[in-house]
Each structure stands twice: as structure tokens, then as C-alpha cells.
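Structure, as C-alpha cells:
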Amino acid sequence: MAILSLQGVSKNFGALKVTDDVSFDLAPGEALGIIGPNGAGKSTLFNLITGNLRPDAGQVLLDGRDITLETPMQRCASGVGRSFQIPQPFDHLTVYENLLVAARFGGGLAASEAPLACMDILHRTGLSALSDRKAGALPLLHRKRLELSRALATRPRVILLDEIAGGLTDGECVDLVATIRSLHAEGTAIIWIEHVLHALTSVVTRLIALNFGRVLMTGTPDEVMAAPQVQEIYLGIEA
Amino acid sequence: MKAVLTLGVGLAVVLALALVPVIGPRILVQDLFKVLCLLVLALNWNLLAGFAGLVSVGQQAFVGIGAYVMFATTILWGWDPLAGMLIGGMLAMALSIPIAFFAFRLNGAYFAIGTWAVADIARLSFGQWRALGGGTGTALPRDATREMFGVGLVRDLLGVSPAAAIDAVTYWLALGLATVMLVACWLFLRSRMGLGLQAVRDNPVAAQSVGVDPTRLKALVFLLTAFVTGLCGALLFIQIGRITPDAAFSVIDWTAFVIFIVVIGGIGTLPGPIVGVLVFYGLQRLLSDYGTVYLIALGLIGIAIMLFARRGLWGGLIHCIGFDPFPLGHAAPRLARQSIKEDAA
Ligand SMILES: Nc1ncnc2c1ncn2[C@@H]1O[C@H](COP(=O)(O)OP(=O)(O)OP(=O)(O)O)[C@@H](O)[C@H]1O
Ligand SMILES: [Mg+2]
């Protein structure tokens with residue numbers, strides 16, 4: 001059974017159809033990529049999955065259970081973790097404390113387990129040297145890593161990553177891809193929105209192309225990237 | 001090391017304060033009683049506004065409810081005023097539940113106005129209570145406070161008048177309440193829930209996405225502070241001995257002054273209310289002869305601090321001394337981590 005599934009999900013902002021009858025299933029442990037031009041409705045789709053937005057129509061199911069009316073914190077506790085495209089750190093807390101909140105609440109870890117679990121994640125994402133730094137003082141790239149780290153601290157079964165590779169150097173990108181691969185290998189289901197296509201396609205096994213809130217095409221990365229309608233919207237982006 | 005320093009200084013201060021009724025003049029006991037009660041109210045309001053983002057202008061509702069319930073249990077049922085104080089705190093908390101249901105639908109300035117309106121409704125309602133003197137209020141029977149728990153003992157031990165013994169007992173209760181409240185605030189803010197509250201304060205949307213329920217945490221803080229504010233209100237009016245709706249539900253005395261104390265001391269910091277209450281007390285001693293001018297001066301100082309030192313006097317002070325007696329942070333367990341790695345190696 002699919003771990004996550006969207007059934008006919010639609011969302012309008014006034015007259016603007018931002019999500020238009022989107023349906024797909026995510027298998028347990030699957031890595032799914034989402035691509036599409038700016039404003040295609042990718043981040044909105046994440047907000048509909050996490051409960052930050054309510055759909056106007058359609059259902060979101062987790063483990064076959066309808067969670068459409070659940071709050072973001074309920075969904076987090078059930079195993080949906082996310083990063084924000086524009087990082088949303090807890091500015092006055094340290095990097096470590098940012099993770100600690102996530103581990104103690106969404107991750108459901110006890111006071112005795114959470115500290116080491118958080119440090120393990122920080123070692124893994126390469127932020128351990130900055131763990132006592134205030135999150136508000138971090139530069140953008142470290143903020144993005146913090147987004148990933150904090151999402152991991154909620155111990156998700158499905159993790160939603162929104163453009164975390166943008167702006168990385170080649171070396172950093174390789175590290176990030178290795179981290180996400182290892183998550184995938186551990187069985188965490190992943191949905192990754194990314195404009196850096198070579199990073200994305202080196203991890204995911206399936207791609208969804210969105211345009212104007214609609215699913216334009218679904219398939220393997222090669223199929224989708226080769227399709228003329230996708231090439232048309234992506235012309236010039238991945239040069 | 002620093003924790004030992006805080007503990008040592010804290011104990012010394014509490015001990016010194018505890019000796020005041022034994023060696024100090026009665027007027028000082030009465031003054032410091034007010035200061036300690038204001039500190040309790042300020043710690044509560046700081047938790048509400050500084051940490052939970054609930055800028056209430058209606059905390060006088062809980063002061064008044066606590067005080068009136070204590071008067072009711074004492075006058076109508078003949079209970080010990082201290083038992084009435086406990087009931088007063090509990091009733092204030094019970095009534096905070098429906099108030100929260102109403103006020104939590106409002107945001108920001110509307111929340112502030114909503115809580116104020118509720119407090120005024122409470123003032124008008126308690127003013128209808130004929131058995132407690134209606135709008136003109138009433139006084140506690142002399143015997144009730146003289147026979148209050150502990151008063152007889154203190155009278156014999158210190159060899160003082162009943163009135164002085166009542167002042168001493170209420171003073172020690174205020175000192176105890178302030179100390180417990182300070183320690184409890186610190187422990188709460190360092191707990192899981194305190195961490196969640198700080199996350200919500202920084203970014204409510206992100207907090208929800210990592211599993212923190214903002215409404216639940218805020219409701220908890222609202223209920224607990226209503227309890228302590230109610231207790232403090234009852235204690236204040238045991239010492240004052242007289243009650244009127246206007247005095248018990250005074251927005252100036254129990255909320256405006258308290259907001260001033262927290263803002264000048266440093267909102268959202270634990271030592272802030274302590275610094276604030278000391279400054280407030282000093283200003284009051286200096287300026288209280290000037291009446292209205294005093295209130296205007298307080299207002300101007302408050303506005304100046306809000307504009308030029310947003311973190312209050314404590315925010316500036318901590319820069320100079322570089323030492324936070326009540327650190328709220330959680331240090332990353334670096335050493336533990338390394339030792340585990342060494343064990344594995
Ligand atoms: N809260 C909102 N109110 C009104 N319009 C919105 C809101 N959020 C998003 N939009 C609009 O919806 C459309 C889709 O936005 P969304 O952020 O989902 O796009 P995206 O695919 O993530 O784009 P990008 O690649 O730039 O991140 C955009 O046109 C955007 O302006
Ligand atoms: Mg986006």
C-alpha cells in the first residue's frame with residue numbers, strides 16, 4: 001500500500017488555480033522528484049501534504065488513512081517531515097536546540113534519547129561544528145542544511161525536501177546527494193522538489209513534472225526529461 | 001560554577017529578605033510585601049507576554065477573582081483566609097478556561113482588548129455581590145486575619161502586635177511565592193514545553209511543522225499564570241484587609257504597573273522582572289509625592305525603553321556583566337558524543 005497518496009487534490013488562491021486535480025501515490029521507501037517552472041505550484045503541493053494549507057477538493061491519505069483535516073503537528077507526529085524552501089529557523093535558539101525541539105515534539109524522543117539523536121543528525125549533515133551557534137546568525141547555505149537536519153530530527157517516514165540544493169557548490173552538492181541517498185537507503189520515503197536536475201535525477205527513481213498546478217507527466221527521470229513537453233518548459237534551465 | 005554562584009547569591013538574598021520582618025521596621029515589611037507581590041505578577045505577565053506571546057491587559061481579572069473568592073470563603077463560610085487563597089487561585093484558573101476559549105479567538109491587539117473587556121465585566125459582576133458589599137466593598141473581619149494560620153505563632157515568637165504579625169506572615173508567603181515562581185519559571189522554560197514555547201515565539205509555522213502545538217502550550221501558560229495571579233491577588237488583599245471592585249480589578253495597579261516593570265526590566269528574559277521591580281520601587285520612593293507627574297514619568301520612561309532598549313535594562317546589563325544567572329539554553333552534548341566515539345574505538 002502507498003505510504004502517501006493524493007487523490008484529486010485542488011487548491012485555488014482566488015481565481016488562480018495553483019493545484020489542479022493532482023493525484024499520485026508514493027510507495028514506502030520510494031524517492032520521488034518533482035520538477036516544474038517557477039510558480040508551477042510545487043511548494044503549494046507540499047503545504048497541502050503537510051497541512052499548512054487545506055485543499056479545496058480532494059484527499060490526502062497517509063498509510064491509507066485520510067489526513068486531509070489533520071493539523072500540521074498531527075501529520076508531523078504521524079511521520080511527515082518537511083523542509084521549507086525559504087528556511088524558517090528558530091532564530092533565537094541554537095542549531096542544536098532547533099533540532100532538540102523537533103526531536104522532543106515531532107520525533108517523540110525522551111529527554112534521555114533526544115540529545116544524542118540530534119548530535120548524530122548534525123554530524124551527518126555536517127553542522128556539528130555549529131551546534132551551539134544561534135540559528136538566526138547562520139548564512140543561507142547553513143540555514144538550508146538546518147532545514148534538512150531539523151526535518152530529520154522529527155524522525156519522518158516521509159520527508160519533503162523543497163529546493164535544498166540551490167546555490168550549493170559542486171562539492172557541497174555531492175555531499176548533499178550522498179546524505180539524501182543514505183536516507184533513501186535507510187528506507188525513508190522522499191519527495192524532493194529541485195531545480196538542480198542532475199542532483200535530483202541521481203537520487204530519485206520517479207519524476208513528476210508540474211505545470212500550472214497540473215501533473216504534466218510522470219515517469220522515470222529519463223522518460224520525463226526526454227519528453228518534448230517537459231523539454232519545452234525547461235528549455236534553457238539546465239544548460 | 002556559575003550555577004553555584006546563582007544559587008549562592010539567590011539563597012543569600014532570600015535569607016536576607018526573610019529576616020526583614022524580624023529586624024526591619026514594619027513599614028519596610030509592608031513596602032517589600034508590595035514589591036514581592038508585584039514581582040510575582042510581573043513574572044507571570046512576562047511568561048504570558050514575553051514567552052507565550054499572549055499580551056494580556058486583563059490580568060487584574062485573576063487578581064480580583066482570587067481576592068474576592070478569598071473574601072467570600074472567609075466572610076461567608078468562616079474559612080481561614082489562607083485556605084480561601086488556595087480556592088481563589090483555583091477558581092481563577094477555572095474561570096481562565098472559558099476566558100481562554102473567548103480570548104484565544106482574538107489575535108494581537110484584539111487579544112489585549114478582549115482580555116481587558118473580560119476583566120471589566122468581572123469587575124462589574126463582582127460589584128453586584130451584595131453579601132460582599134457590592135460596589136463599595138467590604139473589610140475582612142479582624143478576627144479572621146488574627147486567627148489566620150501562623151499569625152499566633154509569629155506573634156509569640158517575635159513578641160509583636162497582631163497587625164505586625166499579619167504583615168510578617170503575608171510577607172513571608174509573598175517571599176515564598178516569588179521564590180517558587182522564579183524557580184518554577186526557570187524550570188518550565190528549560191523543559192520540553194518551554195523549549196516548544198520558545199520555538200513558537202520565534203516561528204509559529206515552523207514550530208507546528210516540527211510537531212509543536214502552539215495553542216496547547218499557550219493555553220497551558222494562560223491557565224497556570226491565572227492560578228498564580230489569583231493566589232497573589234488573594235494574598236495582596238489578605239494584607240490590605242479591605243476590598244472594593246475598583247481596587248481588586250484595578251487595571252493600573254495589577255496590569256499597567258506590571259507591564260511597565262516587565263518592559264523596563266527586559267521582556268522575555270527571566271531576570272528582567274526582578275530588575276524592573278527594583279527600578280519601579282526606586283522610582284516610586286523618589287516620585288510618589290508628585291502624584292500624577294509620577295504616572296506620566298513612568299509612562300515616558302516606559303516608552304523610552306521600548307524605543308531605545310527593546311530588551312530592557314537587563315538586556316543592557318547582561319552585555320556589561322556577560323553572565324546570565326538563569327540560562328535557558330541547552331548546550332549540545334559534545335563531550336558525551338566524543339566519549340562514545342572513544343569507547344567505540
Ligand atoms: N498564499 C498565497 N496566496 C496567493 N497566491 C499564492 C500563495 N502562495 C503561492 N501563491 C501563488 O501560487 C503559485 C504557486 O506558488 P508555489 O510557491 O507553489 O510555486 P513553486 O512551484 O513552488 O515555485 P518556485 O519554483 O518559485 O518555488 C504562484 O503563482 C504563487 O504566486
Ligand atoms: Mg517553491
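By convention in this document, chain letters (A, B, ...) are assigned in the order of the sequence lines, proteins followed by strands, and residues within each chain are numbered from 1. We use all heavy atoms of the structure for the numbers below, so side chains are in, but hydrogens, waters and symmetry mates are not.
For A/His92, the NE2 atom counts as loosely surrounded, since its 6.0 Å shell holds 12 or fewer non-hydrogen atoms of other residues, nucleotides or ligands. Crowding of B/Arg105 atom CZ: a count of heavy atoms from other residues, nucleotides or ligands under 6.0 Å not exceeding 12. Remark: A/Ile86 CD1 is loosely packed, at most 12 non-hydrogen atoms of other residues, nucleotides or ligands lying under 6.0 Å away. With a 6.0 Å radius and a threshold of 12 heavy atoms from other residues, nucleotides or ligands, B/Arg311 has its CZ atom at or below the threshold. By the neighbour-count criterion of 12 heavy atoms within 6.0 Å, atom CZ of A/Phe13 is densely surrounded, having more than that number from other residues, nucleotides or ligands. The environment of A/Arg143 atom CZ is dense: over 12 non-hydrogen atoms of other residues, nucleotides or ligands sit within 6.0 angstrom.
For the residue pair A/Glu97 and B/Leu328, the shortest heavy atom distance occurs at OE2-O, 4.5 Å. B/Ala331 approaches A/Tyr96 most closely through the heavy-atom pair O-CE2, 3.5 Å. Pairing each heavy atom of B/Ala332 with each of A/Asp132, the nearest pair is N-OD1, 3.1 Å.
In this structure, chain B has no heavy atom under 4.5 Å from any part of A/Pro156. The contact between A/Phe90 and chain B is made by backbone and side chain atoms together, counting heavy-atom distances below 4.5 Å. Looking at A/Thr154, the atoms closer than 4.5 Å to chain B (heavy atoms on both sides) all sit in the side chain, from C-beta outward.
Taking 4.5 Å as the limit, every side-chain heavy atom of A/Gln88 sits out of range of all side-chain heavy atoms of B/Val205.
A donor-acceptor pair is defined here as one N or O able to donate and one able to accept, closer than 3.5 Å; no such pair exists between the side chain of B/Asn203 and the backbone of A/Asp91.
Rounding to the nearest 0.5 Å gives a distance of 10.0 Å between CD of B/Gln208 and OG1 of A/Thr50.
Ranked by non-hydrogen atom pairs under 4.5 Å with chain A, the options B/Ala199, B/Ser191, B/Gly196 are led by B/Ala199.
Contacts from residues 69-85 of chain A to chain B, taken as heavy-atom pairs separated by less than 4.5 Å, involve A/Pro72, A/Met73, A/Cys76, A/Arg82, A/Phe84 in sequence order. Inspection of non-hydrogen atoms places A/Leu100, A/Val101, A/Ala102, A/Arg104, A/Phe105 of residues 98-105 of chain A under 4.5 Å from chain B.
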